[in-house]
Amino acid sequence: MIYYIVSAGIAFILSALISMKVISQKNNKNQEVLSMQTYILGTVIQLRATGKKSKVAIDKAIKRLYEIDDKMSVFKNNSDISKINKSAGIRPEKVSEDTYYVIKKAIQYAHLSQGAFEPTIRPLVKLYNFGNEGTRIPSKEEINKALKLVNYKDVIINDENKSIMLRNKDQSLDLGAIAKGYAADEVKRIFEGYGIKSAIIDLGGNIYALGKKADNTSWNIGIQNPLGSTGQYLGVLGVSNKSVVTSGNYERYFEEDGKRYHHIINPKTGYPCENGIISTTIISDYSIDGDGLTTCGYVMGLKYGFKLIENTRGVDAIFITSDRKVYVTSGIRDKFTLTNKEYLLQEYSLEEYYEKEVV
Ligand code: AMP
Ligand code: MG
């Protein structure tokens, strides 16, 4: 039964006519399952919750998602991030607790990955115009100029008054690789506050699977086939109370002369990351960590990235390479089923990728 359909204001226009859809259904235990779809944080949001208070929980979650977008979007003039970017090289800007927390986490992942995760990547991303109309290949000169501005060590954090400053003029932050993870954690927190025990929180492929399905079995999360069309999965992962986040070269890209230019940039070269990886998925308790680590893993590649995750407690990963190999960390091997026979489940071998890696 269609519950109601309303337009979602400005997001409606920006999202190429995706309206807010809310659908109410009964599951096989006669419980009401509320699903809604809309467009926030530059992506399609799908929330699905079972519980008496699912309507109010979803409403509050949507409000919170707009709030996070208002604070962290690079496209909104008054966001904390835009303020920091405009004041680069001039003065520190006091920011909200939310933005402060996410920036701290971003810097943590920049350190962990030795700059593969790079929160000051914006000058490069902007050159390609990702996230806007009119994407293009920048010139070598433009890339070299932008590269000089990219350095997470230039993010000056004042813990006492929660202010942030970028050391040099024209430097610019971009939380696109981590903010959705934080947002998913916030939706989960809100859902739990309203007693929701079973839900799927999907922020454009950044998923949190809360509790279990009505039949008390784990959620089955499809892992996108990076070489297939949207919604075509290459395998299934059974999870409960876990975040499942994927970074892929198919999420945002354009093609010119048969070459794909995607949105995950190698901060050392200034060009889209090309190290044989076409998608990384991270399974973790917190989605902010999953989101941070997917980007780390993608840029670091198999040799360094996969090893990093294998050696990190409580976190697992699925790495997929362009030669159709699927690498799964030991913690989730029994939970992942490869369904697409064009791919090969591969044991990780250090030697094989030694020559190929570019970080
Ligand atoms: P994700 O899909 O989580 O890997 O995030 C990709 C988004 O993060 C891009 O659309 C850019 O806005 C930004 N980004 C691109 N390259 C990097 C990088 N090396 N480190 C951090 N953020 C990046
Ligand atoms: Mg990420």
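No experiment lies behind these values; they were computed from the predicted model shown.
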Mind checking what makes ring pair (Phe, Tyr, Trp, His ring centres under 6.0 Å) contact with [X], not counting sequence neighbours?
| X | value |
| --- | --- |
| Y100 | none |
| F319 | F306 |
| Y182 | Y101 |
| Y250 | none |

Are any of the side-chain heavy atoms of [X] and [Y] separated by less than 4.5 Å?
| X | Y | answer |
| --- | --- | --- |
| K169 | I90 | no |
| L112 | L293 | yes |
| I143 | Y271 | yes |
| I45 | T43 | yes |
| D289 | I282 | no |

So, [X] side chain and [Y] main chain: donor-acceptor pair closer than 3.5 Å or not?
| X | Y | value |
| --- | --- | --- |
| T120 | N151 | yes |
| S279 | P226 | no |
| T312 | L308 | yes |
| N275 | V299 | yes |
| N340 | L234 | no |
| S163 | N158 | no |
| W219 | L210 | yes |
| S87 | I84 | no |
| Y39 | G42 | yes |

Return the set of residues passing side-chain hydrogen bond (donor to acceptor under 3.5 Å, both in side chains) with [X] (not counting sequence neighbours), or none when no residue passes.
| X | answer |
| --- | --- |
| S287 | N206, S243 |
| S172 | N85 |
| K83 | none |
| R136 | E142 |

According to salt bridge (charged side-chain N to carboxylate O under 4.0 Å, His left out), who are the partners of [X], at least two apart in sequence or on a separate chain?
| X | result |
| --- | --- |
| K335 | none |
| K76 | D69, D70 |
| R48 | none |

[atom1] ([X]) with more than 12 external heavy atoms under 6.0 Å:
| X | atom1 | value |
| --- | --- | --- |
| K213 | NZ | yes |
| E97 | CD | no |
| K63 | NZ | no |
| Q31 | CD | yes |
| K26 | NZ | yes |
| K86 | NZ | yes |

Side chain to side chain contact (heavy atoms under 4.5 Å, CB included) between I318 and I320, intermediate numbers included: CA-CA 7 Å; I318 301 167; I320 302 169; 4.2 Å; yes
Would you call [X] and [Y] a salt bridge, using N to O less than 4.0 angstrom?
| X | Y | answer |
| --- | --- | --- |
| K242 | D316 | no |
| E67 | R64 | yes |
| D80 | K71 | no |
| D59 | K55 | yes |
| D159 | K104 | yes |
| E93 | R91 | yes |

Ring-face cation contact, Y261 with K259, 6.0 Å cut, 45° max: yes
Tell me whether the NZ or CZ atom of R252 lies within the 45° cone about the ring axis of F130 and under 6.0 Å from its centre. no
Those residues that, when tested against S229, pass side chain to side chain contact (heavy atoms under 4.5 Å, CB included) (two or more places apart): Q232
Minimum-distance pair of heavy atoms, taken over all atoms of [X] and [Y]:
| X | Y | value |
| --- | --- | --- |
| F191 | A61 | CE1-CB, 3.9 Å |
| Y298 | I264 | CD1-CD1, 3.8 Å |
| I81 | S73 | CB-O, 4.2 Å |
| A146 | L124 | CB-CD2, 3.8 Å |

Applying side chain to side chain contact (heavy atoms under 4.5 Å, CB included) between F336 and each of L345, I221, I283, report the one that passes.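 Exactly one pass, corresponding to L345.
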Angle between ring planes, Y152 versus H111, binned at 30° and 60°: parallel, tilted or perpendicular? perpendicular
Run the ring pair (Phe, Tyr, Trp, His ring centres under 6.0 Å) test on Y128 and H262 for me, step by step, so that the C-alpha distance in whole Å, both residues' side-chain angles and the decisive distance to 0.1 Å come before the verdict. CA-CA 9 Å; Y128 294 88; H262 66 87; 9.5 Å; no
